[in-house]
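Report on the structure given below.
Atom set for the values below is all heavy atoms of this structure, side chains included, hydrogens, waters and symmetry mates excluded. Note on naming: letters A, B, ... go to the chains in the order of the sequence lines (proteins, then strands), and numbering restarts at 1 for each one.
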Protein chains: 2
Amino acid sequence: MSIADRKEREKEQRQRDIIDAAEKLFFSRGYDNVSMEEIAEEVELSKGTLYLYFKDKEALFFAIVLRGARILNAKYSECSRLKITGLNKIRAMGHGIIEFSQGYPNYFRMLSYSGSERFCNVDNDDAKEILELTNRNISLMREAFEQGMKDGTVRDDINPLEMALYLCITSLSIMNLDPRWKKALKAAEINQDRFIEDFRRFIGPSIESSRKANAAFSTSDM
Amino acid sequence: MSIADRKEREKEQRQRDIIDAAEKLFFSRGYDNVSMEEIAEEVELSKGTLYLYFKDKEALFFAIVLRGARILNAKYSECSRLKITGLNKIRAMGHGIIEFSQGYPNYFRMLSYSGSERFCNVDNDDAKEILELTNRNISLMREAFEQGMKDGTVRDDINPLEMALYLCITSLSIMNLDPRWKKALKAAEINQDRFIEDFRRFIGPSIESSRKANAAFSTSDM
DNA sequence: ATCTCTTATGACTACGAGTCATTAAACAAT
DNA sequence: ATTGTTTAATGACTCGTAGTCATAAGAGAT
């Protein structure tokens with residue numbers, strides 16, 4: 001029994017070693033510019049061996065993305081457990097995404113890339129788990145919106161799930177700018193961290209409760 | 001002279017024919033699932049000939065994306081010339097993006113894809129023109145924000161260029177959802193057109209002027 | 001009729017993903 | 001220890017595709 005256990009552990013370690021090697025190379029040179037042969041060299045195995053552990057290159061990629069997705073989900077869960085108002089939970093989650101994108105920029109980039117057209121056909125276990133984690137994040141944010149609606153800190157005229165989606169999607173797109181927008185920012189001499197900070201100030205009024213003060217200037221038909 | 005002219009015209013026509021063929025195939029099956037050989041067959045030329053007209057597959061891709069970028073820019077320009085308030089220009093531009101994404105979904109998709117990590121290394125004349133058009137769109141929207149600040153229809157506590165970027169980036173990301181978000185929408189039984197419409201209602205308060213009514217509930221430290 | 005210059009061709013190279021028959025190594029049984 | 005069996009690893013192989021290039025075809029000039 002112990003031998004089978006050890007073999008199991010060794011197998012998992014090999015798998016981790018392969019992911020580590022691939023991660024190192026993908027992070028530094030990008031998924032499309034790294035060959036399986038190079039990953040094999042990095043981890044000191046033959047190319048064929050990689051395929052004993054991963055169905056194909058995409059599966060290896062998604063194993064890495066999954067690591068990132070787990071980190072992000074852990075942050076969201078943390079925020080959701082705080083004993084604060086709904087609005088503040090949402091703020092905390094926003095801060096969480098920023099921390100993630102700055103603390104793990106490569107995971108963040110790959111998480112975004114994994115959602116691009118390039119990978120729209122993939123269907124493996126890790127991709128399913130990533131989807132699952134994504135859905136859980138949305139739910140956590142939806143719950144924060146629902147709480148905020150109850151405690152009066154968040155506007156209550158839009159479906160909380162929709163708001164959660166808006167906030168997730170827009171936040172991610174602001175933090176993972178494509179090269180064209182980055183160039184535009186640079187040309188305008190706007191620092192990227194500053195840009196992200198200002199976004200919180202920009203998006204605030206779309207979230208916060210201000211119906212009463214705002215009633216005279218109804219925005220419902222924008 | 002006339003002969004050289006005719007040859008020039010023929011050459012341009014060939015180029016268009018090739019772009020047409022590639023477009024047809026890319027639209028229906030995606031850039032990564034179409035080979036140069038197939039494009040050559042579609043346009044009834046040999047593969048080698050394609051390379052007389054386009055440096056590589058990416059250059060051909062960007063020629064298609066450029067078509068889309070020009071259409072979108074035309075829409076923005078149109079909106080910018082309207083004689084209406086700044087806020088309404090911004091609304092018109094928002095509507096313009098929606099029209100573009102619904103009227104030319106394939107150009108829209110490819111325009112988004114061209115900004116992904118997949119193509120971050122490309123550097124050809126068409127890519128430069130696309131960048132140029134993108135910058136012009138941002139400027140048009142910035143001008144609308146500036147006008148709106150002057151005429152009092154738009155909030156004036158954030159840099160207009162930044163606001164233009166926020167609105168462009170977030171709008172595009174909402175309209176070109178990656179598969180994971182699409183699944184989440186479907187699971188929640190939210191229609192995608194509805195989702196886009198509601199976004200306008202969601203984002204409104206972040207744009208519209210409501211400082212006076214809102215002063216008691218300052219949002220500046222979100 | 002011949003020459004020249006442009007355009008087109010398809011066989012060819014290079015490269016990378018993924019496969020598979022073979023080998024090596026670990027473990028089990030005697 | 002010896003032999004057999006199962007599992008893990010290998011690298012040579014196939015296959016598909018991007019991109020090249022020597023060669024051919026053809027249009028226009030002389």
List in numerical order all residues of residues 110-121 of chain A for which some heavy atom is under 4.0 Å away from an atom belonging to DNA chain C.
-> none
Mind listing the residues from residues 33-56 of chain A sitting with a heavy atom below 4.0 Å of DNA chain D? Number order is fine.
-> A/Leu45, A/Ser46, A/Gly48, A/Thr49, A/Leu52, A/Tyr53
By salt bridge (Lys or Arg N to Asp or Glu O under 4.0 Å), B/Glu143 pairs with (sequence neighbours left out) none
Nearest heavy-atom approach of B/Arg155 to A/Arg201 is NH2-O, 3.4 Å
Donor-acceptor contacts under 3.5 Å from residues 108-122 of chain A side chains, at least two apart:
from     : atom 1 : to       : atom 2 : distance (Å)
A/Arg109 : NE     : B/Glu117 : OE1    : 3.3
A/Arg109 : NH1    : A/Asn106 : OD1    : 2.9
A/Ser112 : OG     : A/Phe108 : O      : 3.3
A/Ser112 : OG     : A/Asn176 : ND2    : 3.1
A/Tyr113 : OH     : A/Asp32  : OD2    : 2.6
A/Ser114 : OG     : A/Leu111 : O      : 2.7
A/Ser114 : OG     : B/Arg180 : NH1    : 3.2
A/Ser114 : OG     : B/Arg180 : NH2    : 2.9
A/Ser116 : OG     : A/Tyr113 : O      : 3.0
A/Ser116 : OG     : A/Arg118 : N      : 3.3
A/Glu117 : OE1    : B/Arg109 : NE     : 3.3
A/Arg118 : NE     : A/Asp32  : OD1    : 3.1
A/Arg118 : NH2    : A/Asp32  : OD1    : 2.7

Anything under 30° is parallel, anything over 60° is perpendicular, the rest tilted; go ahead and classify A/Phe195 against B/Tyr166.
-> parallel
Nearest-Å distance for atom pair CZ/P, residues B/Arg14 and D/dA27 = 12 Å
If you restrict it to nitrogen or oxygen atoms, what contacts under 3.5 Å exist between nucleotides 5-7 of chain D and the protein, and what is each distance?
none

Start with the C-alpha distance between B/Ile207 and B/Arg91, add both sets of side-chain angles, then the distance that settles side chain to side chain contact (heavy atoms under 4.5 Å, CB included), and finish with yes or no.
-> CA-CA 10 Å; B/Ile207 294 168; B/Arg91 286 173 173 160; over 6 Å; no
For residues 97-104 of chain B, tabulate all N or O donor-acceptor pairs below 3.5 Å that involve a side-chain atom, not counting sequence neighbours.
from     : atom 1 : to       : atom 2 : distance (Å)
B/Glu99  : OE1    : B/Lys75  : NZ     : 3.2
B/Ser101 : OG     : B/Ile98  : O      : 3.0
B/Gln102 : NE2    : B/Asp193 : OD1    : 3.2

Would B/Ser46 and B/Thr49 count as having a side-chain donor-acceptor pair, cut-off 3.5 Å?
-> yes
A/Gln13 atom CD is separated from D/dA8 atom P, nearest whole Å, by 15 Å
Side chains of B/Phe202 and A/Asn159: does their closest heavy-atom pair fall under 4.5 Å?
-> no
To the nearest Å, how far apart are A/Leu60 CG and C/dA17 P?
-> 11 Å
Test side chain to side chain contact (heavy atoms under 4.5 Å, CB included) on A/Arg70 and A/Glu129 and set out the steps.
-> CA-CA 9 Å; A/Arg70 282 179 172 152; A/Glu129 191 175 338; 2.7 Å; yes
Looking at side-chain heavy atoms only, is the closest gap between A/Lys57 and A/Phe61 below 4.5 Å?
-> no
Nucleotide C/dG16, atom P - distance to NZ of A/Lys57 in whole Å | 9 Å
